[in-house]
Amino acid sequence: MTTAELVEQIHKKKSFLCVGLDVDLERIPTYLLSEEDPIFSFNKAIIDATHKFCVAYKPNIAFYEANGLEGWKALEKTVNYIHKEYPEIFTIADAKRGDIGNTSRMYAKTFLKDLGFDSITVAPYMGKDSVEPFLEFQNRHTILLALTSNEGAFDFQTQKVGDKELYKKVLETSKTWKNSENLMYVVGATKAEFLADIRKIIPNSFLLVPGVGAQGGKLEDVCKYGMTKDVGLLVNSSRKIIYASESSNFAEIAGAKAEVLQKQMAEELKQL
Ligand SMILES: O=c1ccn([C@@H]2O[C@H](COP(=O)(O)O)[C@@H](O)[C@H]2O)c(=O)[nH]1
């Protein structure tokens, strides 16, 4: 999907919500566990109930890998289902990969070609040659970790390297890489106050913003400091939506939670 198509969808749905599909078998309704593929059954119900209110889905790959081969099969079925039934929706493999060039090339092939995700999260730590193999894919997006939502972000990312914080170096340096137009960045909603500075370096890039909901980040703050004229934001919420209810109406309740966020986003979009 191109960025222009993503922006079009955001305006059409009045939403920049990304629903995180972090399926934990210990948290899904127990009656689903007797189904042939409980992970896919859960995802399908969540997707069918929330698709009207969101523009992106983000399965975090850890939750699939943790279930071995069955998990990988469920991941593949989930991304195929989204692309077949709701082709207007942007898909994010939250895999946080990155390695020496020839290894990164394999990660990129797996997620962006074979599984067909529109984007993948990548760690910048190993530098240019670890990220550029992901950037080669046309109309696919590499979402580089810039300033993450967790407390540990202060261990390295906000520390100065020379005269500048590491996360700022990541933003500045990554702009010089080949096919950098295919870059987006992760910035945690819990670090919204950093967004004004971040926008000085990357005024137009799309940001994936996790941390609204369970981690306490505020949508209003993210919009105040991070929104661009083309919106420039995909705000993720996972647990607060998909585990809002553990009973048989879990999907309906997830839909209602997603709608609440969508309505807040529609209000924010009026200010553009
Ligand atoms: O900085 C980051 C990067 C990724 N994540 C991931 O996003 C979701 C957040 O889930 P919630 O349940 O809405 O807290 C999850 O998959 C994280 O691994 C992040 O939180 N922060």
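Both backbone and side-chain heavy atoms feed into the values below; hydrogens, waters and symmetry mates do not. Read the numbers this way: they start at 1 and go in the same order the structure lists the ligands and their atoms.
- Across K96, R239, K191, heavy-atom proximity to atom 11 (P) of ligand 1 is greatest for R239.
- The residues D94 and K96 are annotated as salt-bridged, a charged nitrogen and a carboxylate oxygen being separated by less than 4.0 angstrom.
- Under a 4.0 Å N-O distance rule, the pair K178/E136 does not qualify as a salt bridge.
- At a heavy-atom distance under 4.0 Å, only side-chain atoms of D94, from C-beta outward, approach ligand 1.
- Contacts between S149 and ligand 1 below 4.0 angstrom, taking non-hydrogen atoms only, involve backbone and side chain alike.
- Shown here are the ring pair (Phe, Tyr, Trp, His ring centres under 6.0 Å) partners of F154, two or more places apart in sequence or in another chain: there are none.
- Residue contacts with ligand 1, taken as heavy atom pairs separated by less than 4.0 Å, involve N236 solely via side-chain atoms from C-beta onward.
- Regarding atom 10 (O) of ligand 1, its nearest protein heavy-atom neighbour is S238 OG, 3.2 Å.
- In T148, the parts holding a heavy atom less than 4.0 Å from any atom of ligand 1 are both the side chain and the backbone.
- Partner of D48 under the side-chain hydrogen bond (donor to acceptor under 3.5 Å, both in side chains) criterion, chosen from H51, K44, K52: K44.
- Residue contact annotation: K58 has a non-hydrogen atom under 4.0 Å from ligand 1.
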Please output the side-chain donor-acceptor pairs of residues 210-222 that fall under 3.5 Å, not counting sequence neighbours, one pair per line with the distance.
residue : atom : partner : partner atom : Å
Q215    : OE1  : S149    : OG           : 2.7
K218    : NZ   : G216    : O            : 3.4

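- Here the side chain of S180 pairs no donor or acceptor atom with the backbone of T176 at under 3.5 angstrom.
- Contact annotation: for K240 versus ligand 1, there are no heavy atoms closer than 4.0 Å.
- For ligand 1, the atoms closer than 4.0 angstrom to any heavy atom of P210 are 1 (O), 2 (C), 3 (C), 4 (C), 5 (N), 7 (O), 19 (C), 20 (O), 21 (N).
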